[in-house]
Structures are given as C-alpha cells and as structure tokens.
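In what follows, residues are counted from 1 in the order of the sequence shown.
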Amino acid sequence: MTLNPGEEKEVRFLLSPSQTAFLDEDMRWLIEKGEFQVQIGASSEDIRLTDSYTVIKSAYVKGKDRRFYARANVISADGKTADREI
C-alpha cells in the first residue's frame with residue numbers, strides 16, 4: 001500500500017490462519033502454534049509499528065486450501081472504508 005507524503009489511513013489486515021503455514025520436514029503445510037510478531041515499516045531497518053498474534057493450536061492444512069493474499073480494510077481520514085486484497 002502506498003501513501004502520499006502526509007497522508008494517513010488506517011489499515012486492518014485480515015489474515016487466514018493458512019497464510020502462516022509452512023512446509024514441515026514431511027512436506028505438509030503446518031500452521032504452528034505460538035506467538036508471532038508482526039512488524040511494519042518503511043524497510044526492515046526502519047520498523048515503525050510492532051504487534052503480535054497468537055496461534056493456540058498447531059494444525060495441518062491442505063496445500064490447495066491455502067490462501068495467498070490477505071484481505072485488508074482501508075479506512076481513510078474521512079471514515080470511508082474500502083476492502084482490498086493484497
């Protein structure tokens with residue numbers, strides 16, 4: 001998402017648990033339990049926001065059922081909301 005200088009928008013990402021899956025040693029897609037950190041910034045050396053989320057139970061997901069794009073709600077300064085897939 002790109003913003004113009006001085007422009008502000010609130011963005012809420014809606015992740016599917018399958019988007020956190022990785023291939024385990026048996027080549028199965030695993031959603032691993034634990035606490036995970038999310039970092040947002042201009043670059044990996046310029047982190048400006050940090051938060052976390054928790055997966056409470058490990059699970060396997062079929063590769064064909066994995067989601068690859070996150071949905072996002074973008075809320076502009078005037079309160080208008082737009083849904084996007086990014």
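Partners of Glu7 according to the salt bridge (Lys or Arg N to Asp or Glu O under 4.0 Å) rule, which considers only residues two or more places apart in sequence or in another chain, are Lys9. Lys62 is linked by a side-chain contact (heavy atoms from CB on, under 4.5 Å) to Lys64, Asp65, counting only residues two or more places apart in sequence or in another chain. Residues forming a salt bridge (Lys or Arg N to Asp or Glu O under 4.0 Å) with Arg66 (at least two apart in sequence, or on another chain): none. In terms of the side-chain hydrogen bond (donor to acceptor under 3.5 Å, both in side chains) criterion, Ser58 has no residue partners (sequence neighbours excluded).
Judged as a salt bridge (Lys or Arg N to Asp or Glu O under 4.0 Å), the pairs with a partner in residues 40-51 (not counting sequence neighbours) are, in order, Asp46-Arg48.
Enclosure of atom CZ in Arg12 is not indicated, since only 12 or fewer non-hydrogen atoms of other residues, nucleotides or ligands lie within 6.0 angstrom.
Here the straight-line distance linking atom OH of Tyr69 with atom OG of Ser16 works out to 14.5 Å at 0.5 Å rounding. Distance check: Tyr53 OH to Thr20 OG1 gives 5.0 Å after rounding to the nearest 0.5 Å. The structure places CD of Glu10 at 10.5 Å from OG of Ser76, a figure rounded to the nearest 0.5 Å.
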Tabulate below the donor-acceptor pairs under 3.5 Å that side-chain atoms of residues 25-37 make, not counting sequence neighbours, or state none.
unit_1	atom_1	unit_2	atom_2	d
Arg28	NH2	Tyr60	OH	2.9
Glu35	OE2	Ser52	OG	3.1
Gln37	OE1	Gln39	NE2	2.9

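Both Val55 and Leu23 are members of a single hydrophobic cluster when ILVMFWY side chains are connected at heavy-atom separations under 4.5 Å.
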Open item on the list: Pair Val38, Phe13 - check side-chain contact (heavy atoms from CB on, under 4.5 Å), show working.
Closed with: CA-CA 11 Å; Val38 178; Phe13 294 96; over 6 Å; no

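The heavy-atom pair separating Gln19 from Arg67 by the smallest distance is CG-O, 3.1 Å.
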